[in-house]
Peer 1: 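Okay, handing you the structure first.
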Amino acid sequence: MKRHALVLLLYACCAWVLHAAGFNLTRHLLGGGDAYSAGFPAKLFAATFSPWNPYVQLGQYTFANTQFQPFYPPGLLLIWLSPNTFGYNCFILLHYLLAGYFCYLLCRELTLDEAPSFLGGLFFLGSGFLMAHKGHQAMMSTTVWLPLMLTFASRHARTGERREAVFAGLAVAASLLGGFPQATVYGLLLVVAFWFWRGGRRAVAGLALCGLFAFLFSSLQLLAVAETLPWITRQSLSLAQFNENSLALSQFFALLMPNLRGGLHKVPSFGPGAEVVEVFLYCGLAPLVLALGALRRRETWFWAVAAAVAGGLMIGWEPLQTLLFRVPVYNLFRAPARHMQELHLALAVLAAYGWAERKRMAWPLLAVGAALALAIGLAHWLPVFPNAGLTQPQAEYWRATSLRWPSPSVLFPVLAFAATGACLLLRAPGWLLGLVFLLDIGSVHRTLYDNPDTTDLYGAERRAEVSYLYSQGLDPQTYRILPLDLPLFHTYPLLSMMYGLSTANDYTPMWIRRYQTLTGFDLSGGGGEAIVGHRQLLSALSIRYLLARSPYSAFSVRRTRLYQELAKSHDGITVFGNPAAVPRFRFARRLVPAPDLATAKALLLDPVNFDPARDAIVEGLAAVETVADGRILRQETRNNALAWTVETQGRAFFVVTDTWFPGWTAEVDGRPAPIAIVNGCVRGVFVDAAGRHEIRMRFWPWSLSAGLAATLAGVLLLPWAVRRRRTPK
């Protein structure tokens, strides 16, 4: 136990050095980008255990949005203990610690000694995939469980113990609850192959038991996703989307030169579609040298093949991708470059084996040195190689900033290679090589994320545009806002939850299909400029204020001449008012029938014949109907339960401008009432008589009941499943 505690402590120190040194963990968020705009507020909301999130789109099923990690134990515990920036940062550092430790356990299971196992864990902790995806906290926290799955798979293959397969299933469940199923699915391809390689036929029973417990303990999330898939836009991809963010062959030289195509050391990235986090192959030069030295050992062949297969899948070769696109589940995921997780894990394991062969490192050093020289030469003298897809000015700028000696692009890899070679040839201790690796990978990684200050997230008064909205009397329970462009980071969709604001758009791969069909928002929540000309649509969605920062967005609103330009904050954010916006809860007077969504959309966008304050387009209605008016006497709003006391003058129709979803049920005066689809995507109920009435709506989908039952079954079965078998005397 003392040895394991020491290993954990050392990995914690390494994670702190790479990610936290020099930053105030109570203020600076480790990892900007998506971690700031989505990951942090999503984790805070997940800690409320609310199945419905009313703050984005017009509401969504939280448990089906895997990137909220609604049932992920490490996140829930840390955010519950510290619901702030510090808690989130501890969550990030914990997972880098776990990445190293779980890979250490895998190497120990593969009969490697302490020193090579520790180095293998360190190499995985600092691998390019995990370092570059720090901002994608769900992806990172999903991947770290892969080596633990492999550890228990190996133990089951070796011993045949039922409990080892069950523990593997719990590791798979943790990975699934980690929130990025693509990483889990890709990792399971490696686990299945490894299990059969180590255990032969024994793997069949082990995988069955593993799959059972993985399902039971992740059923709350899996069943929520299954229920939601028919109603969202991400139930399928096109072949072009499936192949997005693959890795060009030329980019594989980034294993040797991290700045080969720009993007690091503050050099802009110009490659076509070159999103740095998706093409960041660099994992340090020490693992590459050691991995080459390990190839002489037969037991490393599986890992060499695994690395080669992962590299091949990352390329996105069109004939192979066309075939893989026909594979169910696998074809739901884009960005083949994310197979990098298997490549980097395989390299870490190979490097651990290679440490045992460190006395014979001359030829691996020569091979990597020659490859590094080749990469530098090609980058300098073959312009078509690194600059494919670049304009001439871009290519010239890239060369001027990236490849002139002694620019960091060339100097850092050369220095890292020299230091690695010296450690190996002089037979330096493992801790010195580990230190060289930390300096190598850390020098590159520190430029990937800006680690933003989060001080102004804690209180609406800290942001000028948010403070202004509240000063205008905005009631976020009644009206919504629409941020129009991504530079509006603080009031962009998910961060608005920090201020208690409800936004009409979202930042998620999961969009309710009806709502996105009506609005046309893209995955990042952008696209609002295209619908500002349809004021009746925005009014019907209860959008009271529009916020614009970029000149284009502000111009898009001004040219419609439909909105009031109210104020501009000190950050250049212009606030526009929409006085025609209707309240979130209201009574409609005129009901217009629509047979389907397409008809409802056409009617909704008709500025002449549709009045949001008076009309409601109701699917399934037989004919146009005029109903009585009513008023709301009292209302009670919670995330997944709504209640109103109303008074009507006759048969009336009550509209709730929140997303229609099958999990919602309604009662009027204690009796079940059917919920109608209104205005293409929201909810409405009939109130049949005059007088005072009680209306209630509650969200409890079938997947929540089934998931709770399955999880309880898993908890009850677990003691039996992990009990050790008694060996006969």
Side-chain angles (χ1 to χ4, degrees), residues 34 37-39 41-42 45-46 50-70 136 138-139 179-182 221 224-238 240-242 244 331-335 480-486 488 492-497 501-532 534 537-538 540-543 596-598 600-601 604-605 639 657-664 677-683 699 701 703:
D34 287 0
S37 61
F45 185 85
S50 172
W52 186 260
N53 177 11
Y55 291 103
V56 288
Q57 299 184 40
L58 302 185
Q60 64 171 224
Y61 187 9
T62 311
F63 296 167
N65 191 337
T66 60
Q67 294 187 34
F68 270 62
Q69 300 174 305
H136 294 158
M139 197 182 309
F180 211 87
Q182 178 179 12
Q221 186 162 291
V225 172
E227 182 178 14
T228 307
L229 274 177
W231 308 103
I232 63 175
T233 56
R234 192 61 184 272
Q235 80 280 14
S236 64
L237 292 175
S238 66
Q241 291 171 320
F242 177 66
E244 282 179 354
N331 61 8
L332 293 176
F333 308 116
R334 54 183 282 277
R480 296 183 171 92
I481 66 170
L482 174 59
L484 286 173
D485 42 6
L486 187 59
L488 259 170
Y492 207 64
L494 289 174
L495 274 177
S496 292
M497 295 190 299
L501 298 173
S502 297
T503 59
N505 47 357
D506 197 357
Y507 184 71
T508 177
M510 190 190 86
W511 282 84
I512 301 298
R513 193 189 316 162
R514 282 178 164 268
Y515 184 65
Q516 200 210 25
T517 300
L518 285 174
T519 60
F521 290 123
D522 58 36
L523 294 183
S524 68
E529 300 91 344
I531 61 171
V532 294
H534 300 290
L537 172 61
L538 270 60
L541 300 180
S542 303
I543 298 172
D596 51 35
L597 175 61
K601 181 176 181 179
L604 192 64
L605 298 182
N639 289 350
T657 312
D658 291 357
T659 302
W660 178 90
F661 191 82
W664 281 96
I677 303 177
V678 180
N679 293 344
C681 66
V682 301
R683 311 193 292 269
F699 184 68
S703 57

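Everything numeric here is computed off the predicted structure, so don't read it as measured data.
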Peer 1: Quick one: does Gln67's side chain have a donor or acceptor within less than 3.5 Å of a partner on Pro509's backbone?
Peer 2: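 The answer is no, because no donor-acceptor pair under 3.5 Å joins these two groups.
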
Peer 1: Return the OG1 to CD distance between Thr659 and Gln57, rounded to the nearest 0.5 Å.
Peer 2: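 Spacing of OG1 (Thr659) from CD (Gln57) equals 6.0 Å.
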
Peer 1: Rounded to the nearest 0.5 Å, how far does CG of Asn53 lie from CD of Gln60?
Peer 2: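 That separation rounds to 5.5 Å.
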
Peer 1: Nearest 0.5 Å, what's the CG-NZ distance between Asp596 and Lys601?
Peer 2: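 One gets 12.5 Å once the value is rounded to the nearest 0.5 Å.
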
Peer 1: Should Trp511 and Asn505 count as side-chain neighbours, where that means a heavy-atom distance under 4.5 Å?
Peer 2: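 Contact flag for Trp511/Asn505 side chains = yes.
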
Peer 1: So which heavy atom on Ala46 is nearest to which on Pro70, and how close?
Peer 2: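 That closest heavy-atom pairing would be CB-CA, 4.0 Å.
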
Peer 1: Minimum heavy-atom separation for Pro493 and Thr503, please, with both atom names.
Peer 2: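 Pro493 and Thr503 have their closest heavy atoms at CA-OG1, 3.6 Å.
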
Peer 1: Taking only residues two or more places apart in sequence, or in another chain, which ones meet Ser524 in a side-chain hydrogen bond (donor to acceptor under 3.5 Å, both in side chains)?
Peer 2: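 So Ser524 forms a side-chain hydrogen bond (donor to acceptor under 3.5 Å, both in side chains) with Asp522.
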
Peer 1: So which heavy atom on Ala64 is nearest to which on Val225, and how close?
Peer 2: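 Minimum heavy-atom contact is O-CG2, 3.6 Å.
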
Peer 1: I'd like to check Phe63 versus Thr228 (side-chain heavy atoms, cut-off strictly below 4.5 Å). Are they in contact?
Peer 2: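 Answer no - side chains too far apart.
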
Peer 1: CH2 of Trp664 to CG of Asp658: how many Å apart, nearest 0.5 Å?
Peer 2: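 Atom-to-atom, Trp664:CH2 and Asp658:CG are 6.5 Å apart.
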
Peer 1: Measure the OG1-CG distance between Thr62 and Asn639 for me, rounded to the nearest 0.5 Å.
Peer 2: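 Result: 7.5 Å between the selected atoms.
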
Peer 1: The criterion is salt bridge (charged side-chain N to carboxylate O under 4.0 Å, His left out); which residues satisfy it with Asp506, sequence neighbours excluded?
Peer 2: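 If we apply the salt bridge (charged side-chain N to carboxylate O under 4.0 Å, His left out) test to Asp506, skipping adjacent residues, there are no hits.
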
Peer 1: Can you find a pair of side-chain heavy atoms, one from Leu58 and one from Arg480, that are under 4.5 Å apart?
Peer 2: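 A side-chain contact under 4.5 Å exists here.
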
Peer 1: Only counting residues at least two apart or in another chain, list the ones meeting side-chain hydrogen bond (donor to acceptor under 3.5 Å, both in side chains) with Tyr61.
Peer 2: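 Listed in chain order: Ser703.
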
Peer 1: When you compare the side chain of Thr508 with that of Val56, does any pair of heavy atoms fall below 4.5 Å?
Peer 2: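 Val56 does not reach Thr508 side chain to side chain.
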
Peer 1: Closest approach of Asn679 and Leu518, non-hydrogen atoms and distance?
Peer 2: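 Heavy atoms only, the tightest pair is O-CD1, 3.4 Å.
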
Peer 1: According to the interplanar angle, ranging from 0 to 90°, do the rings of Phe661 and Trp52 count as parallel (below 30°), tilted (30 to 60°) or perpendicular (above 60°)?
Peer 2: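 Ring orientation of Phe661 relative to Trp52: tilted.
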
Peer 1: Taking all heavy atoms of Cys681 and all of Arg514, pick out the closest pair and write down the distance.
Peer 2: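 Of all heavy-atom pairs spanning Cys681 and Arg514, the closest is CB-CB, 4.1 Å.
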
Peer 1: Pick one: which of Trp231, Phe699, Tyr515 meets ring-ring contact (aromatic ring centres under 6.0 Å, His included) with Trp660?
Peer 2: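 Of the listed residues Trp231, Phe699, Tyr515, the ring-ring contact (aromatic ring centres under 6.0 Å, His included) partner of Trp660 is Trp231.
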
Peer 1: For Ile543 versus Leu482, what's the shortest heavy-atom pair and its separation?
Peer 2: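 Smallest interatomic distance, heavy atoms only, reads CG2-CB, 3.8 Å.
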
